[in-house]
Amino acid sequence: MLERNNIYLGDSYELIKEIPDKSIDLIVIDPPYQIDGKPKSKEALENTKNEITKGINKLNQELMDNHICDGIKEEIFEEFMRVMKVPNIYIWCNRKQIPMYLNYFVNKLHLNFEILVWNKPNVMPLYNHQYLNDVEYCLYFRGSNVCNPKCYDDARTVFKNPTNKIDKFAFHHPTCKPVNIIEKLIKNSSKENDLVLDCFLGSGTTAVACKNLNRDYIGIEINPKWYKIALDRLDGCDANGQQSFILR
Ligand SMILES: C[S@@+](CC[C@H](N)C(=O)[O-])C[C@H]1O[C@@H](n2cnc3c(N)ncnc32)[C@H](O)[C@@H]1O
C-alpha cells in the first residue's frame, strides 16, 4: 500500500493499483501531452530560415527527449474513479487531448466540468499569422460539494501567470507548473489534512504545494531523474542539491 506524504519511483499504471478504493480526496495531474509527428531533424532545420518552425521544434524535441509527449492511456481513468472518494480531479492537458477527457468524464460519466486556462503573457513570439502558444489547459471534473473557492479572485477560470522560468531553472523540468496555480486548485477543492494524489509528479510541484498547504500527498514519477529532483525539492533543495533560494 502506498503511504501518505511519500513519493514513489515507478509506473503509475501499476502503482495506482496499490491505492485502496475511495481513499483519495483530490487528484491533481499533469500527464504526458499528446504530440503527433516527430520533430524535424537538426539537418532539416539548419536549412530552414523559419524561426517559428525552429522554436516549435525545439520545444517538441525537449518533450520527446523527456518522454512527455506520448499521451495518457485511458485504462487509468477507471483507476482514478476507483481511488477517489468522490470525483474531484484536475488534469492538465494540451488542446488535442481535450475531446478524449470530455468524452470519458462528461459524456460517459456525466460529471460537472470546468475548462481552466493558464494564460502566459510572455510566451516566445512564435507568430506567423497563427494563434500564439500562450495557454495551457487544465480540465476539472467533479461531483457535488467538492469545489469551494473562498473569494472572488480564487473563482477565476483564467490564471494570468508568466512562463515558469524560475522553477524550470531551479528544477530543470521542461513542463514545471507554477506552484501558486497548483496551490489555488488545491485550496479550492480540498481541506487541510485531505489526501491528494499526483501520479505524474515530474519535479514535485503538487507535493510541494500540498506541503505548503497542510494537505497530505502521494506522488508517483517514472523517471529517476525527476524523482530525485522532486525528493530534493521536498527537502528544500534545487536540482543541483543547493538549498533552494526560493521557498517552493
Ligand atoms: C508533464 S510532466 C509533469 C510535470 C509536473 N507537473 C511538474 O510541475 O514538474 C509529466 C511527468 O509524468 C511522468 N510520467 C510519464 N509516464 C509516467 C508513468 N507511467 N508513471 C509515472 N510517471 C510518468 C514523466 O516522466 C513526467 O515527469
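Read the numbers this way: they start at 1 and go in the same order the structure lists the ligands and their atoms.
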Legend entry - Region of D198 engaging ligand 1 - heavy atom pairs below 4.0 Å: neither
Legend entry - Test item: side-chain donor near acceptor, N161 and N119, under 3.5 Å: no
Inset, instruction - Kindly confirm or rule out a cation-pi arrangement of K73 over Y13, judged by NZ or CZ under 6.0 Å from the six-membered ring centre and within 45° of its axis? - result: yes
Legend entry - Distance-only donor-acceptor check, side chains Y140 and N188, under 3.5 Å: no
Inset, instruction - Could you find the nearest protein heavy atom to atom 18 (C) of ligand 1 and give me its residue, atom name and distance? - result: S12 OG, 3.6 Å
Legend entry - atom 19 (N) of ligand 1 - nearest protein heavy atom and its distance: D11 OD1, 2.9 Å
Legend entry - T163 and N122 side chains, donor-acceptor separation under 3.5 Å: yes
Legend entry - Residue, atom name and distance, where the atom is the protein heavy atom closest to atom 15 (C) of ligand 1: P32 CG, 3.6 Å
Inset, instruction - Assess whether atom CD of E3 is packed by more than 12 heavy atoms of other residues, nucleotides or ligands within 6.0 Å. - result: no
Legend entry - Close-contact set for ligand 1 against W226 heavy atoms, below 4.0 Å: 25 (O), 27 (O)
Legend entry - Residue, atom name and distance, where the atom is the protein heavy atom closest to atom 6 (N) of ligand 1: D30 OD2, 2.8 Å
Legend entry - Residue portion contacting ligand 1 (non-hydrogen atoms closer than 4.0 Å) for F200: both
Legend entry - Region of Y13 that comes within reach of ligand 1 [heavy atoms, distance under 4.0 Å]: side chain
Legend entry - Protein contact to atom 2 (S) of ligand 1 [nearest heavy atom, distance to 0.1 Å]: T175 OG1, 3.3 Å
Inset, instruction - Kindly indicate whether a cation-pi arrangement holds for K228 with W226, taking the cut-offs as under 6.0 Å to the six-membered ring centre and within 45° of the axis. - result: no
Inset, instruction - Check whether NZ of the Lys or CZ of the Arg K177 lies under 6.0 Å from the centre of the six-membered ring of W92 and within 45 degrees of that ring's axis. - result: yes
Legend entry - Where ligand 1 meets G10 - atom numbers and elements under 4.0 angstrom, heavy-atom basis: 20 (N), 21 (C)
Inset, instruction - Would you tell me whether N94 and Q34 have side-chain atoms, one donor and one acceptor, within less than 3.5 Å of each other? - result: no
Inset, instruction - Establish, from distance only, whether the side-chain atoms of Y131 and D134 form a donor-acceptor pair under 3.5 Å. - result: no
Legend entry - Heavy-atom closest pair, residues C93 and I98: SG-CG1, 3.8 Å
Legend entry - Y33, any N or O under 3.5 Å of ligand 1 N or O: no
Legend entry - Heavy-atom gap A230 to ligand 1 smaller than 4.0 Å: no
Inset, instruction - Identify which of R233, H172, E221, K225 has a heavy atom lying nearest to atom 24 (C) of ligand 1. - result: E221
Legend entry - Proximal atoms of ligand 1 relative to S203 (non-hydrogen, under 4.0 Å): 7 (C), 8 (O), 9 (O)
Legend entry - Polar contact flag, side-chain donor to acceptor under 3.5 angstrom, Y90-S189: yes
Inset, instruction - Output yes when the distance from some N or O of ligand 1 to some N or O of N223 is under 3.5 Å, and no in every other case. - result: no
Legend entry - The single option from E221, K168, R233, H173 passing side chain to side chain donor-acceptor pair (under 3.5 Å) against S203: R233
Inset, instruction - Kindly identify the option in L201, I222, N94, D70 whose heavy atom sits closest to atom 14 (N) of ligand 1. - result: I222
Legend entry - Atom indices of ligand 1 within 4.0 angstrom of C199 heavy atoms, with elements: 21 (C), 22 (N)
Legend entry - Numbered atoms of ligand 1 (with element) below 4.0 Å of C176, judged on heavy atoms: 7 (C), 8 (O), 9 (O)
Inset, instruction - Measure the distance from atom 8 (O) of ligand 1 to every protein heavy atom, then report the residue, atom name and distance (to 0.1 Å) of the closest one. - result: T205 OG1, 2.5 Å
